[in-house]
Amino acid sequence: MIRKSGDKRRQPAVWRRCRTLRSLKQMHALMVVRGFLSDASSLRELLFSSSVSVAGAVTYALQLFDQIPHPDLFMWNTVIRGASHWTPSAAISLFSRMERAGVRPDNITFPFLLRACTKLSESFLGSQFHAKITKSGLESDSFVRNALINMHASCGDLAAASALFDGPARHDVVAWSAMIAGYARRGELSVARQLFEEMPSKDLISCNIMITAYAKQGEMAMARQLFDQVPVKDVVSWNAMIAGYVHCSEHRRALEVFEQMHLAGEQPDEVTMLSLLSSCADAGVMDVGRRIHGSLMEMCSRGGFSIRLSNALIDLYAKCGSIERAIEIFVGMREKDLSTWNSIIGGLAVHGHFRDSINIFENMIGMKWRPDEITFVGVLVACSHGGMVEEGKRYFYLMQNKYGIEPNVKHYGCMVDLLGRAGLLEEAFEFIDHMKIEPNRIIWRALLGSCRIHGNVRLAERANEELLRMRNHASGDYVLLSNVYASRGEWCRAEQVRKLMDDRGVIKEIGSTLLDTDGKNFNFMPKRKPGLRINVAA
DNA sequence: CACTCCCGGA
């Protein structure tokens, strides 16, 4: 694998074969030793490997790039390309540096920059690039035009996308696909479908886009039909189906598709495994999750898991209640990202390890990590479930005033829960009155739940009125109110509420749990003990 | 030299 002679002309093919950070570093070291670092073509290839061929080596690429005194256009394009994929905002700042260095972007640069805008949903920035492109006359380049169509369509500006699409230039399969994806993203499935049918020639990618469009709308029968029609599928087609089933909680079907994928000889990739892990986490099937974890260990026997896979494993174990295993993964990670912290903080919080959750949060802060809104959901859940009223209030304040995060409905819900559980029902009501956003039914239900715990009929009625005002006939609300009366021994009124439920046709759903049994079959209904009746709306 | 459209998400 490593070249033996110093034949420079053979290098490119070798460089591009660098697939791991390790081999990349070996190459780099070799270049330093043999004095190739001043050779522009060797540098280009090393930069190419670290930006494009090796996943997650962008940081390395950027460091390398910073040491090059006068990078040429190819080098700028290469490093922007790598950044646009992994750290899109870095791609944008690289472009500013490029302009300042007096290097003019070309028809290769702009597609990368537009991809970065697309990933960041930066339509304003994208339009600025559009203006630059028009001025430089590059709009006629089909790659640039397609990247523009995609950027506008992805950012929801379908008028701008259509203007290019319907323009004088011929549009190819990529332009069609970008338009279809744009309509699908907006939820306009029928338009997407119509375009797909009008399309003169379809390729695998356009089919994958349409399969995804159906799957995201929960139209799994349509997705399946199209999927079955595609003669040669790729890993994306399979992943789209698996993700679709996961999305609508058809966990068993997701696993079936995975099985079929295996039989078809398609190799799963990281996305496949991430979908499966989140499926197991949602369904609470730990033993399947563990088996996937086992397969992963075989697949990545050396070098450990990516951050994302590790995060998914933390989430899996935390949601399945095996907090020890979640912590084990967490501790074993060499590199962490914000989701890692969020997963473990949230996981500990919902499983009753309130103090540990808060301690890890404090650790995180001590290590100069910047928490986001999801971190604070975990922290506030820990406080409310742990009855830590003062801490909860302090963190709620900290979130807004130190980190500039506007509370969302989940944060408010946690606070209402926090106050309510602690019996501060009046304060909770007052808190809801002062919320900056419209309280939803989750908020009122949280309060109603607290009223039930503390047996406060007066406030429970008020909370229920608010719920009714939302014309929400969900059974849980009535059940809770009925329970409030019942807990106070007011059986007649409890009965009245139940009767009201019947009159309004409210049906209490049968509780169902996804239970794993022998590791092969799944039950989608709870196991019933003989002689035990499942109550339905009574 | 290369580039544009698809798969997950605490």
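In what follows, chains are A, B, ... by sequence order, proteins preceding strands, each numbered from 1.
Checking the phosphate oxygens (OP1, OP2) of B/dC7, a side-chain nitrogen or oxygen of A/Lys216 falls inside 4.0 Å. One finds a side-chain N or O of A/Asn150 lying less than 4.0 angstrom from the OP1 or OP2 phosphate oxygen of B/dC5.
Identified under the ring-ring contact (aromatic ring centres under 6.0 Å, His included) test for residues 179-231 of chain A, with sequence neighbours left out: A/Phe227-A/Trp238.
Nucleic acid contact for A/Ile209: sugar-phosphate only, since backbone atoms but no base atoms lie under 4.0 Å from a heavy atom of the residue. Residue A/Ser339 is classed as a base contact, given a heavy-atom separation below 4.0 Å to a base. A/Lys202 comes within contact range of no nucleotide atom at all, as no heavy-atom separation falls under 4.0 Å. Residue A/Asp141 is classed as having no contact, given no heavy-atom separation below 4.0 Å to the nucleic acid. Using a 4.0 Å heavy-atom cutoff across all strands shown, A/Asn311 reaches no nucleic acid atom at all. Here A/Arg81 lies in heavy-atom contact (under 4.0 Å) with sugar-phosphate atoms only.
The aromatic rings of A/Trp369 and A/Trp341 are tilted relative to each other, their planes meeting at an angle between 30° and 60°. Ring geometry for A/Trp176 versus A/Phe165: interplanar angle over 60°, hence perpendicular rather than tilted (30 to 60°).
Rounded to whole Å, the distance from CZ on A/Phe165 to C1' on B/dC5 is 12 Å.
Counting only heavy atoms from C-beta on, A/Ile205 has its side chain closest to B/dC5 among B/dC5, B/dA10, B/dC7.
Side-chain N/O atoms of A/Ser343 and base N/O atoms of B/dA10 include no donor-acceptor pair closer than 3.5 Å.
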